[in-house]
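Throughout, a chain's letter reflects where its sequence line sits, starting with A, and its residues are numbered from 1.
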Amino acid sequence: MAEKKHISEQAYPFADVESRWQLWWEENGIYKWGRRVPSGSGKTPPSPPGGPGGKSDRPKHYVLVMFSYPSGDKLHMGHWYNFGPTDSYARFKRMQGYDVFEPMGFDSFGLPAENYAIKTGIHPAKSTANNIKVMREQLKKIGAMYDWDYEVVTSSPEYYKWTQWWFLLMYKRGLAYQKDALVNWCPNCQTVLANEQVTSDNLCERCDTPVERRKMRQWFFRISDYNQRLLDGLDTIDWPEKTKAMQRYWIGKSEGTEISFRVSQKSEVRSQNEIRVFTTRADTLFGVTYVVLAPEHPRVKDVTTDEQRGAVDEYVQAALSLSEVDRQMEGRPKTGVFTGAYAIHPLTGDSVPVWVADYVIGSYGTGAVMAVPAHDTRDFAFAKTYSLPIREVIGAESQKSEARSRKTDEAFTEYGVMFDSGEFSGLSSKDGIKKVGEKLKSLGLGEPTVTWHLRDWTVSRQRYWGAPIPMVHCEKCWIVPVPEDQLPVLLPENVEEYKPKGKSPLASVESFINTTCPQCGGAAERDPDTMDTFVCSSWYYLRYPDAHLSNAPFDREHLKNMFPVDQYVGGPEHAMGHLIYSRFFAKVAKDEGWFPYEEPFTRLIHQGIILNNGERMSKSKGNTVAPEPVLERVGSDVLRCYLMFSGDYTQGGDWSEGGISGIERFVARVWRLGMAVAGSTEVIQEAVPRNVERKLHQTIEAVGHDLQAFSFNTQLARLMELTNELYGWVEAGLKDVKKSAARVEVIETLVKLLAPSAPHMAEELWHVFGHAGSIFDESWPEFDAEKAKADTVTIAVQINGKLRETFDAAAGASKDELEKQALGLEKVKAQLQGKQLAKVIVVPGKIVNLVVKG
RNA sequence: GCCGGGAUGGUGAAAUGGUAGACACAGGGGACUUAAAAUCCCCAGGGAGCAAAACUCCCGUGCCGGUUCGAGUCCGGCUCCCGGCACCA
């Protein structure tokens, strides 16, 4: 055997170090939540966990990362990018003195396992359990602080029992109700499809058959009851503006006027003699030339005249059979049919025709609109198609009333000034909206109304692999909730046909479906549907602190102590669904008295997306990048740091291994530095040189600030700078390194600063320096502003804004001193030759700018 | 169409209105080595002048304007790329 290489040439043995510390952390329960006891209490930490809320004197900090679906695909780089840096943040908070709770779990109900089962015949419960096992092992290799005692698996009966409890809670509070809704139906597969199984061309993902729409009785959650609170809450949370904007748009509050149009005598009128429309532009009322009903509007039938009935029926049927995708397809020509009826304009008394057209959405507003072709692009297009009159009533503010251009090629949709509008002519749009509304109100023909875009949430799924809806249908008692003490309603495992054949797979499992009515005891049937997996994920964060509590979904005290989540990290793709549903659930829990907060997630960060050659990684494209090969080559710390170093965390970017060797070098460089100093037998006495001390404290400040801001890349850059500085101090070749108390202290500080980013290596060096406990029980280095201050600064001298020279000055130098010094420079003198100095701007510590004329 | 975000060296990227390109990768040079690898140190936006270097000057953050002593950064108007939403009356 060759002699052992000198430390300056040794490779960093990451594999040995990482497996060793992962084992040590686990054996010593370092990351068991609540194990930490008040410092100085003399008590030994309880093990395993001290329990939720842990009797800790430290403030709690709940770091939550979006759990993922255990697919057979395993974790790819994207997951690592999400989990690794977030764990670094959690470690940073821990070292800052917080009692950090960082749980992990699996969102394990849903389509992928079911599709897999259909393909392979392997039962979803089996494949899911298997995938979870594989993923858990993968997750452990990240070396994160997850406390697996708090793992949550949404497909386990212990969990979905409480998902069902939530359903009952919604029902009890009047927030769960049934109504008919349209589902996607593939006539070839004879199956119900989820939206994501329908292609953008409205074809079945599997067999390319055009997808139809079918009516089915479905359960809904009345999220619309919470629209105002969901909107208001956005102003109180630290979330990306983009995400808040998306939610605001999605909630879609729209203030306008509901206006009543009486249907005229010309039509055969039965009961209610009016059509109500919603508009945000009451100022355009005098421009109405027709009224449009959505095909699903309830008044279509009784308003239609006999002559038009055939055409209208045909049109309505055709429109309703179209899928939502088709009907809302971009650039689709506007179509419609005249009903034969006429509506009376509420202010002018004119008759205008009533049409049916599918460009009006039945579920928005009143399902009917007053058409103003002159001032609405859609109405304009429709009027052009069917040669309906176009009546202008709004002019641009800049235009004089006599000289309005009568443009006929497009609608004028902006606010302006009203004209040809009776008593309202001359008013601005803004005033007009108000005045017209008031007038209508006084006539009993209209009133101010608020409409919302947010619709109630369909939670029924005609699917097997989900939480059964805990409801029973009894002929006598109708719909009866399963009593809470009979939960969970177990998902039967003896199912062979997972595919829904026009109804839920569970409908044909007799042992499941047939039951007795909890109310009358007679024969009854269970609801055959399962819940949307978004229901499962809407409350998992509430479950974590009480992951294994068996007599309740969670503990009130724990919710109070552990919430809100201080930091939530996950992909931007959940901006709409999951993140709005979760907020809704939290508000319901609050109203029920369980949860004392209005918002569940105080701060949210979206990690960017890691692309592969510019494309999103996905199973279907087969372009996911597996972390394992990289992991084996460079180790977990290097991979984690590399992901952090590659750019802005919220920006993401293309995966490439291009710069990974830079991180390998850096981590090894710190390791060698530590090893060399720790292992040196030549001990000297010295003070920390001023340049090192300054750099050290500048780094402490920058790293702390950057970690807090999730600026992982710059944080690492600062640590590299510090390391480079230290190499200059201790003897760059590391051949003849001496040891000193000063060196040990500085390097230990560097190691602490690097610990969140390279936890294994840091723990290794910490112990090499002779410490017995975990570095993650150490506190974050303290920043000393005095020590960080520069003694001298480089001042830039600009002439007319252009850099001409630099000079060094004392850090505290005054404006006058700097000006004097700058003007004394040879080069500056030369530049000023024969010119007139007009003005001098001095920014202490930065620049001197000489403004020169001539 | 609407709402976000972005565009900076060969590459990934930094930069509270104050020296653009920190920190890295790839590249070049040097030290160590019989040699290579590894390690360590140094150079490095583009261009012009000079035999060469020091040095000096010019140009430079997608495009066009503006504000300012000073703009990658602020304002107005565009172009392209990425993400999301879309007949919301």
Side-chain angles (χ1 to χ4, degrees), chain A residues 5-11 240-246 248-250 252-254 256 277-281 284 292 327-332 334 357-361 363-366 368-372 375-379 381-382 413 451-454 572-573 575-576 606 608-609 611 614 616 642 645-648 650-654 656-663 665-666 668-669 672 711 713-721 724 727-728 731-735 794-806 827 838-843 845-852:
Chain A
K5 278 187 194 164
H6 185 265
I7 189 66
S8 65
E9 302 198 339
Q10 278 182 42
E241 265 320 309
K242 167 190 168 182
T243 304
K244 294 206 268 189
M246 277 165 81
R248 276 190 199 104
Y249 183 75
W250 190 248
K253 185 176 187 173
S254 176
V277 302
F278 173 76
T279 182
T280 54
R281 291 298 300 274
T284 65
V292 195
R327 195 169 143 183
Q328 299 186 0
M329 202 164 58
E330 187 182 359
R332 191 166 158 266
K334 303 238 173 324
D358 66 4
Y359 77 89
V360 174
I361 304 296
S363 51
Y364 183 73
T366 58
V369 302
M370 57 179 222
V372 186
H375 304 295
D376 181 283
T377 46
R378 297 151 301 182
D379 296 342
F382 190 80
T413 59
T451 63
W452 303 81
H453 172 228
L454 187 69
E573 66 273 18
M576 228 71 111
H606 296 306
I609 296 163
L611 306 168
R616 222 186 165 111
Y642 178 60
F645 190 63
S646 62
D648 185 322
T650 62
Q651 215 59 49
D654 217 22
S656 102
E657 295 182 23
I660 206 162
S661 52
I663 299 293
R665 275 180 209 148
F666 166 63
R669 225 164 124 79
R672 277 193 296 266
S711 291
N713 53 339
T714 50
Q715 172 254 152
L716 283 170
R718 296 290 90 82
L719 287 168
M720 288 173 183
E721 286 179 40
N724 294 344
Y727 264 70
E731 194 267 307
L734 299 183
K735 295 287 187 198
T794 306
I795 303 292
V797 183
Q798 295 180 344
I799 293 174
N800 288 340
K802 282 197 177 187
L803 180 70
R804 291 301 173 194
E805 182 66 300
T806 61
K827 196 169 167 191
K839 197 174 173 186
V840 181
I841 291 119
V842 183
V843 181
K846 300 277 187 190
I847 61 139
V848 175
N849 189 10
L850 307 171
V851 184
V852 164

- Message: When the P atoms of A44(B) and A38(B) are compared, how many Å lie between them, rounded to an integer?
- Response: 23 Å
- Is it true that a side-chain atom of Arg281(A) and a backbone atom of Thr413(A) form a donor plus acceptor pair closer than 3.5 Å? yes
- Message: Would you measure the distance from the C1' atom in G21(B) across to the matching atom in C43(B) and give it in whole Å?
- Response: 16 Å
- If you look at every strand shown and take non-hydrogen atoms under 4.0 Å, does Met370(A) touch a base, only sugar-phosphate, or nothing? nothing
- State which of C23(B), C87(B), G84(B) makes the closest approach to the side chain of Glu721(A). C23(B)
- Item | Thr794(A) or Gly801(A), whichever maps to the more 5' nucleotide of RNA chain B | Thr794(A)
- Message: Below the 4.0 Å mark, does A14(B) have OP1 or OP2 next to a side-chain nitrogen or oxygen of Asn713(A)?
- Response: yes
- Taking atom C1' in both C69(B) and G17(B), what distance in whole Å separates the two? 12 Å
- Message: Classify the ring geometry of Tyr249(A) against His453(A): parallel below 30°, tilted from 30° to 60°, perpendicular beyond 60°.
- Response: tilted
- Task: Rounded to whole angstrom, note down the C1' distance from A24(B) over to A13(B).
- Result: 9 Å
- Task: Check every strand shown and say whether Tyr364(A) touches a base, only sugar-phosphate, or nothing at a heavy-atom separation below 4.0 Å.
- Result: base
- Query: With under 30° as parallel and over 60° as perpendicular, where do the rings of Phe382(A) and Tyr359(A) fit, or are they tilted in between?
  - Reply: tilted
- Message: When the C1' atoms of C75(B) and G84(B) are compared, how many Å lie between them, rounded to an integer?
- Response: 27 Å
- Item | Inter-nucleotide C1' distance (G10(B), G46(B)), Å rounded | 12 Å
- Does the side chain of Asn724(A) get closer than 4.0 angstrom to OP1 or OP2 of C41(B) through an N or O atom? no
- Task: Remember a base hit wins even if backbone is also touched, and classify Asp379(A) as base, sugar-phosphate or nothing at under 4.0 Å, heavy atoms.
- Result: nothing
- OP1, OP2 of C23(B) versus side-chain N and O of Arg669(A): anything below 4.0 Å? no
- Task: From the options C69(B), C59(B), U16(B), select the nucleotide whose nearest atom is closest to the side chain of Lys802(A).
- Result: C59(B)
- Query: When rounded to the nearest Å, what value does the distance between P atoms of C74(B) and A22(B) take?
  - Reply: 22 Å
- Could you measure between the two P atoms, the one in C57(B) and the one in G66(B), and give it in whole Å? 27 Å
- Item | Closest to the Met576(A) side chain, choosing from C85(B), C23(B), U39(B) | C85(B)
- From G6(B), A89(B), A20(B), nucleotide with atom closest to Gln651(A) side chain: G6(B)
- Note on the structure: Checking A14(B), C40(B), U19(B) against the side chain of Ala796(A) (C-beta onward), the nearest is U19(B)
- Is any side-chain nitrogen or oxygen of Ser661(A) closer than 4.0 Å to OP1 or OP2 of A26(B)? yes
- Message: Students often get this wrong, so: under 4.0 angstrom with heavy atoms, is Val369(A) touching a base, only sugar-phosphate, or nothing?
- Response: base
- Given that Lys735(A) and Gly658(A) both sit by RNA chain B, which one's nearest nucleotide is further toward the 5' end? Gly658(A)
- Message: Measuring from the side chain of Ala732(A) (C-beta onward, heavy atoms only), which nucleotide among C69(B), C40(B), U56(B) has the closest atom?
- Response: C40(B)
- Would you classify Arg718(A) as touching base, sugar-phosphate or nothing, given that sugar-phosphate means primed atoms plus P, OP1 and OP2, and contacts are heavy atoms under 4.0 Å? base
